[in-house]
Structures are given as structure tokens and as C-alpha cells.
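Following: one structure in C-alpha cells, then a few remarks.
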Amino acid sequence: MPMNPFLNTAFKAARKAGDMMIRAAKDLGSVRFDSKAFNDFVSDVDRMSETILTDALIEAYPQHKITAEEGGSRGNPRADYEWIIDPLDGTTNYLHGHPQYAVSMALLYKGKIQEALVYAPERNDLYMASRGKGALLNDRRIRVSSRIELNQCLIGTGFPVVDQSRTDTYLAILKDILAKTAGARREGAASLDLCSLAAGRFDAFFEFNLKPWDIAAGALIAQEAGAIVTDTEGEQGWLQSGNIAAANPKVLAQLLPIIAAHTKAV
């Protein structure tokens with residue numbers, strides 16, 4: 001799949017931001033950060049990355065809208081094309097020297113995700129997808145796992161660390177999942193969790209209360225690799241609600257009832 005102009009522009013910007021992150025990570029003690037909310041941090045590196053990304057996109061596509069985690073919106077607010085950006089997904093990981101973090105960029109046209117890029121600087125891993133054209137990891141096509149027995153599946157997830165109002169519900173779901181699967185992993189960056197699903201390293205993924213920039217790019221990459229992506233009720237409002245579940249069709253059909261058993265009365 002040749003890189004189209006949208007993804008080419010996004011990748012050049014993401015690589016530049018990633019190089020900056022790698023340099024800054026050599027002296028994490030000097031990286032300043034603030035707390036936006038409990039367990040929700042923003043650093044100077046987040047802000048510098050967002051500036052690099054949005055400046056590049058505005059220069060290339062001045063009529064596009066850009067929605068980014070730290071700075072709100074730029075560009076044309078009525079544009080049909082909208083970029084949704086997480087300049088540093090996994091800030092807490094980054095600040096602790098844990099290499100599970102990424103730049104996440106998605107391009108929507110009239111509200112539908114068309115292009116996606118997730119770049120993990122520490123591993124130099126580039127995940128990309130264009131709607132209807134499949135998904136790639138470093139120029140190699142990727143597909144979701146073909147496992148269909150839930151007891152053989154490894155599930156990716158994320159703990160509710162900012163809004164903890166559903167922690168008890170989440171822990172009840174996790175308890176059931178641990179009893180019925182090969183295990184669960186929480187790695188701290190939803191965009192990369194969805195990419196791990198796309199590459200077959202996870203067999204499913206679910207999480208609650210995410211933001212559009214956390215999941216927009218990773219979800220398209222997972223879909224183009226063969227995953228079904230829904231909200232945690234099996235419907236299509238996942239980008240708006242931030243409650244997401246994804247897997248191949250047979251695994252998702254087994255995962256959703258486990259979640260529903262604990263959420264339908266919530």
C-alpha cells in the first residue's frame with residue numbers, strides 16, 4: 001500500500017515529534033509536567049509534540065480542522081476534513097521511562113475515519129491504515145488473531161484511572177475475564193493496544209471513558225486488520241462514548257456478554 005499524501009504528511013510530522021521525544025527522554029528529570037486531573041498528566045513534551053504536528057498539518061492543509069488533546073481546535077471549524085490527534089498517548093508511561101507511548105493521528109471526512117497513523121518512537125514502529133486498503137506495520141500487512149476459543153485469548157484493556165466512578169464494575173468484569181481467558185494486559189496507551197490487536201498480539205481489547213484522540217487512529221487500524229469495533233454494548237457509538245470493544249467477530253461475540261453482565265444495570 002503506497003503511502004498517500006495525507007499519511008505521508010502525517011508521518012513526516014510524527015517522525016519529527018518522535019525524534020524530539022527520544023531526545024527529551026534522555027533527561028526525564030528536566031521534563032516539566034502538570035496535573036490536569038487526578039492521574040492525568042500533561043508535559044512540556046506533549047505540548048511540543050502537539051505544536052510540531054499541528055503546525056505541519058496547518059501548513060499542508062490550511063482548510064482542514066484539527067482537534068488535538070492539549071490545545072483544542074485549530075484550522076477551519078466547518079471543514080469536512082478533521083484531524084484528531086493525541087500528541088503523546090501514554091504520557092504517564094513516558095514520564096516514567098516506560099517505552100509504551102505513541103503519536104496518534106486520524107483523519108476524518110464528514111465524521112468518518114479515513115486515514116490513521118500510530119507511531120511508536122522507542123520501537124520505531126509505524127502503524128498505518130487507509131479505509132478499505134488494509135493495515136500495515138512497517139510496510140508489512142497485519143491481520144488480527146484467528147483464535148476463536150476465549151480460553152486461549154489474551155485481552156488488552158485499560159484501568160479507569162482518571163474517572164474512577166466505574167472502578168468496581170470494571171474490576172468485576174476483569175475478574176470474569178481472567179477466569180475465562182488466557183490473561184489480560186494493561187499497557188497504558190490505548191492507541192498502541194488497538195495496534196497490538198491489529199497485529200495479533202492481543203486477541204481483543206476493551207476500555208471505558210476514552211477520548212476520541214485515544215482511539216480514532218487505532219480503531220481504524222484494527223478494523224482494517226479485520227477487527228470488529230463496537231462500543232461495549234455492541235453498538236456503533238464508540239467514538240462518541242469512549243467505551244470501546246474490539247476483536248475478531250467470534251471473540252467479540254463472547255467478550256460482549258461478559259461486559260454486559262456487569263454494565264447493563266449501571
Side-chain angles (χ1 to χ4, degrees), residues 104 106 108 111-114 116 118 127 129-137 141-160 163 166-212 214-266:
S104 176
L108 284 65
K112 191 170 186 178
I113 306 168
Q114 300 294 330
V118 175
Y127 300 86
S130 295
R131 181 168 293 278
K133 296 184 178 179
L136 299 176
L137 166 56
R141 287 195 176 272
I142 51 176
R143 292 289 296 174
V144 295
S145 162
S146 60
R147 293 184 184 89
I148 59 174
E149 300 296 333
L150 194 63
N151 62 7
Q152 299 177 3
C153 289
L154 185 64
I155 313 299
T157 188
F159 301 151
D163 178 2
R166 303 180 74 179
T167 297
D168 289 345
T169 299
Y170 173 81
L171 291 175
I173 295 168
L174 185 60
K175 182 178 179 181
D176 270 3
I177 284 175
L178 291 173
K180 296 174 181 177
T181 69
R185 300 288 184 270
R186 193 273 187 180
E187 299 188 348
S191 63
L192 287 175
D193 290 338
L194 285 160
C195 289
S196 287
L197 170 66
R201 295 190 289 269
F202 289 154
D203 301 294
F205 172 75
F206 79 97
E207 192 169 347
F208 300 104
N209 298 329
L210 293 168
K211 301 297 184 183
D214 296 320
I215 52 179
L220 181 64
I221 292 167
Q223 288 173 324
E224 288 297 319
I228 303 298
V229 178
T230 71
D231 66 17
T232 49
E233 297 178 354
E235 304 297 335
Q236 290 303 307
W238 52 269
L239 190 61
Q240 293 73 37
S241 71
N243 302 328
I244 188 171
N248 73 43
K250 292 188 176 180
V251 172
L252 187 63
Q254 298 170 75
L255 177 65
L256 289 174
I258 297 175
I259 298 172
H262 299 280
T263 60
K264 59 186 178 183
V266 175

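In this structure, NZ in Lys250 is found 9.0 Å from CD in Glu149, a value given to the nearest 0.5 Å. In this structure, CD on Glu207 lies 9.0 Å from CD1 on Ile215, to the nearest 0.5 angstrom. Ser104 OG to Tyr127 OH: the interatomic distance, rounded to the nearest 0.5 Å, is 12.5 Å. One distance of note links CD1 of Ile142 with CG of Leu136; it measures 7.0 Å at 0.5 Å rounding. Taken from CG in Leu220 to NZ in Lys112, the straight-line distance is 10.0 Å, to the nearest 0.5 Å. Taken to the nearest 0.5 Å, the CZ atom of Arg143 stands 9.0 Å off from the CD atom of Glu224.
Side chains of Leu197 and Asp193 form no contact here, defined as non-hydrogen atoms less than 4.5 Å apart. Side-chain contact between Phe208 and Thr169 is absent, with no heavy atoms from C-beta onward closer than 4.5 Å. Within the 4.5 Å cutoff, side-chain heavy atoms of Ile173 are placed close to those of Thr263. Considering only heavy atoms from C-beta on, Asp203 stays 4.5 Å or farther from Asn248 through its side chain. Using a 4.5 Å heavy-atom cutoff, the side chains of Leu194 and Ile221 are not in contact.
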>> Please evaluate residues Leu150 and Val251 with respect to the criterion side chain to side chain contact (heavy atoms under 4.5 Å, CB included), reporting the C-alpha separation (whole Å), side-chain torsions for both, the decisive distance (0.1 Å), and the verdict.
In response: CA-CA 6 Å; Leu150 194 63; Val251 172; 4.2 Å; yes

> What do the steps show when you test Gln236 against Thr230 for side chain to side chain contact (heavy atoms under 4.5 Å, CB included), and what is the final call?
Replying inline: CA-CA 5 Å; Gln236 290 303 307; Thr230 71; 3.9 Å; yes

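Between Phe205 and Ala190, the closest heavy-atom pair is CZ-CB, 4.2 Å. Closest of all the heavy-atom pairs between Gly134 and Arg141 is CA-NH1, 3.6 Å. Closest approach of Ala253 and Pro257 over heavy atoms only: O-CD, 3.1 Å. Nearest heavy-atom pair, Ala217 versus Val118, reported as atom, atom and distance to 0.1 Å: CB-CG2, 3.9 Å. Residue Ala246 comes nearest to Val229 through the heavy atom pair CB-CG2, 3.9 Å, listed as atom of the first residue, atom of the second, then distance. Nearest approach of Ala106 to Ala216, heavy atoms of both residues: CB-CB, 3.7 Å.
A 6.0 Å sphere centred on CZ of Arg201 holds more than 12 heavy atoms belonging to other residues, nucleotides or ligands. The number of heavy atoms from other shown groups lying within 6.0 Å of CD (Glu187) is above 12.
Across Asp231, Ile177, Asn243, Ile244, a single residue satisfies side-chain contact (heavy atoms from CB on, under 4.5 Å) together with Phe206, and that is Ile177.
Between the side chain of Gln254 and the backbone N or O of Ile148 there is at least one donor-acceptor pair closer than 3.5 Å.
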